[in-house]
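Note that this is a predicted model, so its numbers are computed, not measured. All residue numbers in this chain count up from 1 along the given sequence.
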Amino acid sequence: MDRGETWILDALEGILPQQTMELLQDQLQNPQTLLQAAWRQASIVGNKITALLSPLFAPLLARALQALNDSPDIVVLAFVLGAFVLVLQVVAWVHRTMMYVTRLAFRMLGWALVFALAAVVWRRGPEATIRDVVVFVSKLAGYAAVVKDIWLSEYQKFDAQTKRGGAGGNGQRVPSGGGYSRSKNGGW
């Protein structure tokens, strides 16, 4: 390998230990190693394939370049399409990143709640914690009963307004005073 191909070894010299650097230099710079033989063989095969396919694809490539030169709109369209795909990829990456961070935050919140509940049980004891949970659930059930009563009373008001709103004559609806009303055929 010449000096241009060993720049990576120079960059890694201060990072890797001396033994690793010696091993890399022995494997990469010695022409008798398997890596160098595989590189030479791949290079020879690549050159043969290029020499074989060059007469076949050179005219096609020349025609394609001439067509692109004759119609620059295709180049502009390809550039705009490429930029659009790039923007979509960036947006998808940002979306995945935000979903990951959100999922991580909610998992951390869930585990924090588990640890907080464990700390409460540890600090207050199981009996006091159960008593607090029973009090909390009973207050929550009382609140739910109040919400249910309010919802039922509002539903009954709504039902009365819709029944009263459908009683108008000659096909016209009677305004029900700001509430919802139903037409005679049962639609809203």
Following the transitive rule for hydrophobic clusters with a side-chain heavy-atom cut-off under 4.5 Å over Ile, Leu, Val, Met, Phe, Trp and Tyr, establish whether Val137 and Val120 coincide in one cluster.
no
When rounded to the nearest 0.5 Å, the distance separating NE2 of His95 from OG1 of Thr102 is 9.0 Å
Rounded to the nearest 0.5 angstrom, the NZ-OH distance for Lys148 and Tyr143 is 15.0 Å
Between the CG atom in Leu52 and the CG atom in Asn47, the distance rounded to the nearest 0.5 Å is 12.5 Å
Report yes if the side chains of Phe106 and Leu109 come closer than 4.5 Å at any heavy-atom pair, otherwise no. yes
In this structure, CZ of Arg131 is separated from OG1 of Thr129 (nearest 0.5 Å) by 9.0 Å
In short, Ile15 meets Ala11 closest at the heavy-atom pair CD1-O, 3.9 Å
Rounding to 0.5 Å, atoms CZ (Phe136) and CG (Leu140) come to a distance of 5.0 Å
- Cluster link Phe79 to Leu88, ILVMFWY, side chain under 4.5 Å: no
One should read off an interatomic distance between Arg107 CZ and Arg103 CZ, to the nearest 0.5 angstrom, of 6.0 Å
(message) Parallel, tilted or perpendicular, judged at 30° and 60°: which one describes the rings of Trp151 and Tyr155?
(response) parallel
Hydrophobic clustering (ILVMFWY, side-chain heavy atoms < 4.5 Å, transitive) - are Tyr100 and Val94 grouped together? no
Between Glu13 and Met21, the two heavy atoms sitting closest are CA-CE, 3.8 Å
Would you check if the side chain of Ser138 reaches a backbone N or O of Val134 as a donor-acceptor pair within less than 3.5 Å? yes
Transitive ILVMFWY side-chain link Trp93 to Met98, under 4.5 Å: yes
- Query: Would you say Ser54's side chain and Ala51's backbone share a donor-acceptor pair under 3.5 angstrom?
  - Reply: no
Item to complete: Answer yes if Ile150 and Leu152 sit in the same cluster of Ile, Leu, Val, Met, Phe, Trp and Tyr residues linked by side chain heavy atoms under 4.5 Å apart, and no otherwise.
Response: no
